[in-house]
Amino acid sequence: QVHLVESGGGSVQAGGSLRLSCAASGRIAGGICVAWFRQALGKKREGVAGIDSDGNTAYADSVKGRFAISQDSAKNTLYLQMNSLKPEDTAMYYCAADYDGEPLGWWARLREADFGYWGQGTQVTVSS
């Protein structure tokens, strides 16, 4: 079992920045892949960024060059640095995790169904 708690959401003007955090606890020793997803009102949840235990990263095209995912293994914490925010980035942001396995690089597809552990979410609102 993996327990995830997000923080860092808030309201910001377009062009601003926010950093989201996701604290992980439970059975997380080695081989965990984690990701950020978001869900805007009335829309499907979509993958934003992912990272594996080796530090390899993947991003949705809509956030490439603006968002950066990172992790601090010593603190068991995942981060999402969001820069140049746009109103269309407004959404509930969720941290997700699951144990690594086959197929290789499965986590980089950023598919909701591939992740079994989820946090409660943190709201990000970007005003124009």
Side-chain angles (χ1 to χ4, degrees):
Q1 285 282 354
V2 179
H3 185 57
L4 304 169
V5 179
E6 303 95 335
S7 62
S11 297
V12 65
Q13 288 194 324
S17 299
L18 280 174
R19 188 176 81 155
L20 305 183
S21 299
C22 173
S25 60
R27 195 164 69 89
I28 56 176
I32 292 287
C33 298
V34 287
W36 288 98
F37 286 75
R38 66 186 180 186
Q39 187 169 20
L41 201 61
K43 295 189 176 181
K44 289 184 178 180
R45 194 173 296 187
E46 63 174 356
V48 175
I51 187 168
D52 70 3
S53 56
D54 292 326
N56 298 302
T57 59
Y59 295 92
D61 288 343
S62 58
V63 305
K64 279 181 183 176
R66 300 189 299 123
F67 291 10
I69 188 171
S70 62
Q71 59 188 355
D72 185 333
S73 298
K75 296 181 179 179
N76 294 329
T77 302
L78 176 72
Y79 301 101
L80 184 68
Q81 178 66 44
M82 305 185 294
N83 300 324
S84 302
L85 282 161
K86 304 174 181 180
E88 50 264 44
D89 294 318
T90 295
M92 185 72 79
Y93 282 72
Y94 298 90
C95 177
D98 216 315
Y99 300 102
D100 205 353
E102 297 294 334
L104 189 66
W106 61 270
W107 56 274
R109 299 181 300 197
L110 298 177
R111 297 196 316 188
E112 180 181 2
D114 290 338
F115 291 84
Y117 301 98
W118 292 83
Q120 293 301 305
T122 185
Q123 178 68 36
V124 171
T125 302
V126 185
S127 58
S128 57

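When all heavy atoms of Tyr59 and Leu110 are compared, the pair lying nearest together is C-CD1, 4.1 Å. Here the closest non-hydrogen pair linking Pro87 and Ser128 is CG-CB, 3.9 Å. Nearest heavy-atom pair across Met82 and Tyr93 is SD-CE2, 3.9 Å. Listed here is the closest heavy atom pair of Leu78 and Ser70: CD1-O, 3.3 Å.
Residues Val2 and Leu80 share a single hydrophobic cluster, defined by chaining ILVMFWY side chains whose heavy atoms lie under 4.5 Å apart. Note on Leu18 and Phe37: separate hydrophobic clusters, where clusters join Ile, Leu, Val, Met, Phe, Trp and Tyr whose side-chain heavy atoms are under 4.5 Å apart, directly or indirectly. Following chains of ILVMFWY side-chain contacts shorter than 4.5 Å, one can reach Ile51 starting from Ile32, so the two form part of one hydrophobic cluster.
Asp89 places a side-chain heavy atom less than 4.5 Å from the side chain of Arg66. Taking 4.5 Å as the limit, every side-chain heavy atom of Ser21 sits out of range of all side-chain heavy atoms of Lys75. Counting heavy atoms from C-beta outward, Cys95 and Trp36 have side chains that approach closer than 4.5 Å. Considering only heavy atoms from C-beta on, Asp98 comes within 4.5 Å of Tyr117 through its side chain. The shortest distance between side-chain heavy atoms of Arg38 and Val63 falls below 4.5 Å. Between Glu6 and Leu20 there is no side-chain heavy-atom pair separated by less than 4.5 Å.
A distance of 16.0 Å separates NZ in Lys43 from CE in Met92, rounded to the nearest 0.5 Å. Expressed to the nearest 0.5 Å, how far OH of Tyr79 lies from CD1 of Ile69 amounts to 12.5 Å. The distance from the OG1 atom of Thr90 to the CD atom of Gln123 is 7.5 Å, given to the nearest 0.5 Å. Note: Phe67 CZ to Ser17 OG = 9.5 Å, rounded to the nearest 0.5 Å. Between the SG atom in Cys22 and the CH2 atom in Trp118 there is a gap of 11.0 Å [rounded to 0.5 Å]. The CG atom of Asn76 sits 10.5 Å away from atom CG of Leu4, with the distance rounded to the nearest 0.5 Å.
Between Trp106 and Phe115, the angle of the ring planes lies from 30° to 60°, which puts this pair in the tilted group.
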Exercise for the section: Go through Asp114 and Trp107 one step at a time and tell me if the side chain to side chain contact (heavy atoms under 4.5 Å, CB included) criterion holds. Expected result: CA-CA 7 Å; Asp114 290 338; Trp107 56 274; over 6 Å; no
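Other residues, nucleotides and ligands contribute only 12 or fewer heavy atoms inside 6.0 Å of the CZ atom of Arg27.
Counting only distance, with no hydrogens or angles, the side chain of Gln71 and the backbone of Asp52 share a donor-acceptor pair below 3.5 Å.
Residues passing the disulfide bond (SG atoms under 2.5 Å apart) test with Cys33, sequence neighbours excluded: none.
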